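Notes to accompany the following structure.
A, B, ... follow the sequence lines: proteins, then strands. Residue 1 opens every chain. Nothing here was measured: the structure is a model prediction, and the numbers come from that model.
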Amino acid sequence: MLTLEDLGVLRGVERREGRILVRLTPTYIGCPATLAIQLAVEAALAEAGLADARVETVLSPPWSTDQMSEAGRRKLEAFGIAPPNQDRSPRALFGQDTVACPKCGSTATVKISEFGSTACKALWRCEACAEPFDYFKCI
Amino acid sequence: MTAAPAVKDPKGKRASAPVKADALFHYVLALADDALILGHRLSEWSGRAPMLEEDIALSNLGLDLIGQARLFYAYAGEIEGRGRDEDALAYLRDEHAYANLLLVEQPNGDFAVTMVRHLLYAAFVHPYVQALQQSRDVRLAEIAAKAVKEMAYHVRHASEWVIRLGDGTEVSHGRAQTALEELWMYTGEMFTLPESERRLLERGIAPDRMAIKPAWDATLDRVLAEARMQRPADRWMQTGGRAGRHTEHLGHLLAEMQVLNRAHPGAKW
């Protein structure tokens with residue numbers, strides 16, 4: 001299972017004045033899943049008997065795909081989503097990246113659209129196995 | 001309670017008199033209004049874009065902007081300290097209280113108008129939020145640091161389309177060039193410093209709008225050259241949005257955007 005910690009959006013869990021405080025950070029500002037994630041965390045905490053726990057959103061430092069763990073990258077790939085490129089140069093942000101197909105591993109891939117099913121993903125296609133796939137964009 | 005804005009003191013000197021909350025409120029509100037109105041315009045393409053990929057792209061770009069607007073509105077509400085939250089600021093203000101740029105309220109027109117408008121805006125906002133990351137207002141710097149990476153994608157996407165249209169067929173070239181000429185008179189407002197912003201600039205809270213101009217010029221010149229389009233000559237520029245004097249289009253946009261909340265006050269869904 002891909003966890004919030006794997007994605008790097010979990011910024012910390014601490015006990016403050018006897019209550020549990022969970023700090024989360026959004027991936028993209030407008031990500032519609034931000035609220036769903038927060039509610040799911042609150043529900044999980046309540047189920048664990050921590051009904052007075054609090055979830056706080058933090059913006060700084062801004063989330064980046066570099067904060068995704070190696071395990072998280074592998075889980076994404078196993079699920080069929082190409083993990084973000086680790087090239088941190090501006091070239092990566094401006095699209096000269098090479099993306100390997102998560103299904104067959106070929107690097108003969110082409111970008112279909114910069115914007116995929118969610119804000120954080122782009123839509124690509126593999127020329128070798130002819131399958132379309134999602135690519136987690138670098139930010 | 002009026003929230004005192006958290007201000008960084010870079011050289012360890014004692015900060016001088018605090019900036020008036022009123023000026024900061026209006027500044028942050030205008031940033032929010034720009035993002036919300038353009039975000040709403042892009043959302044009007046949902047289900048209507050020329051192809052599925054572009055439909056999704058425009059919705060995603062709109063989401064980025066609406067997300068930025070929410071953070072700015074929430075902060076503006078805290079500065080004002082009168083209990084207005086992001087919904088109250090977005091849904092319960094009339095046209096004259098909106099401070100957005102005239103450029104962003106212009107109708108979507110055809111696809112060329114939408115893309116040229118987006119290029120004109122994104123090519124400005126990307127370097128602007130880059131500069132805003134250095135703001136001495138910690139909260140604004142944090143929001144800017146989130147927005148800057150997203151806006152890089154906006155510039156790229158709009159650039160690619162403007163190049164494809166401008167360097168395309170006779171029809172697409174003509175439409176892109178016409179869009180550019182019709183929108184040009186609204187670009188001056190981005191570089192016009194409202195009086196209320198002057199002190200924020202002096203205090204290192206707001207970036208210098210004129211200092212953004214070279215970066216905007218460079219992006220536009222590069223894209224327009226590749227698109228084989230002519231940059232219009234600088235002429236008289238229409239302003240007024242920052243002071244609540246809008247074109248006739250904003251009222252119609254607000255009517256559609258606000259109707260549900262106004263018909264069912266406080267509704268949650």
(message) Is B:Ile66 in contact with chain A via its backbone, its side chain, both, or neither, using a 4.5 Å heavy-atom distance?
(response) neither
(request) Could you have a look at B:Gln68, B:Glu53, B:Glu160, B:Glu150 and say which one has the most heavy-atom pairs with chain A under 4.5 angstrom? (result) B:Glu150
(request) Kindly confirm or rule out a cation-pi arrangement of A:Lys121 over A:Tyr135, judged by NZ or CZ under 6.0 Å from the six-membered ring centre and within 45° of its axis? (result) no
(message) Determine whether the aromatic ring centres of residues B:His126 and B:His154 are separated by less than 6.0 angstrom.
(response) no
(request) Given salt bridge (charged side-chain N to carboxylate O under 4.0 Å, His left out), test B:Glu105 with B:Arg41 step by step and report yes or no. (result) CA-CA 7 Å; B:Glu105 72 197 36; B:Arg41 278 287 183 227; over 6 Å; no
(request) Answer with side chain, backbone, both or neither: which region of A:Thr118 has an atom nearer than 4.5 Å to a non-hydrogen atom of chain B? (result) backbone
(message) Is A:Pro61 close to chain B through its backbone or its side chain, or both, or neither, when contacts mean heavy atoms under 4.5 Å?
(response) neither
(message) Can you tell me which portion of A:Thr57 sits under 4.5 Å from chain B's heavy atoms? Options are side chain, backbone, both or neither.
(response) neither
(request) Determine the interplanar angle of the A:Trp63 and A:Phe136 rings, folded into 0 to 90°, and report it as parallel if under 30°, tilted if 30 to 60°, perpendicular if over 60°. (result) tilted
(request) Look at the side chain of B:Arg136 and the backbone N and O of B:Arg203, then say whether any donor-acceptor pair between them is shorter than 3.5 Å. (result) yes
(message) So for B:Ile143, is it side chain, backbone, both, or neither that comes closer than 4.5 Å to the heavy atoms of chain A?
(response) both
(message) Looking at chain A, which one of B:Glu142, B:Lys146, B:His157 has the largest number of heavy-atom pairs inside 4.5 Å, strictly under?
(response) B:Lys146
(message) I'd like to know which of B:Asn60, B:Ile56, B:Leu58 tops the heavy-atom pair count under 4.5 Å against chain A.
(response) B:Asn60
(request) Decide whether a cation-pi geometry holds between A:Arg125 and A:Phe133; the criteria are a distance under 6.0 Å from NZ or CZ to the six-membered ring centre and an angle within 45° of the ring axis. (result) no
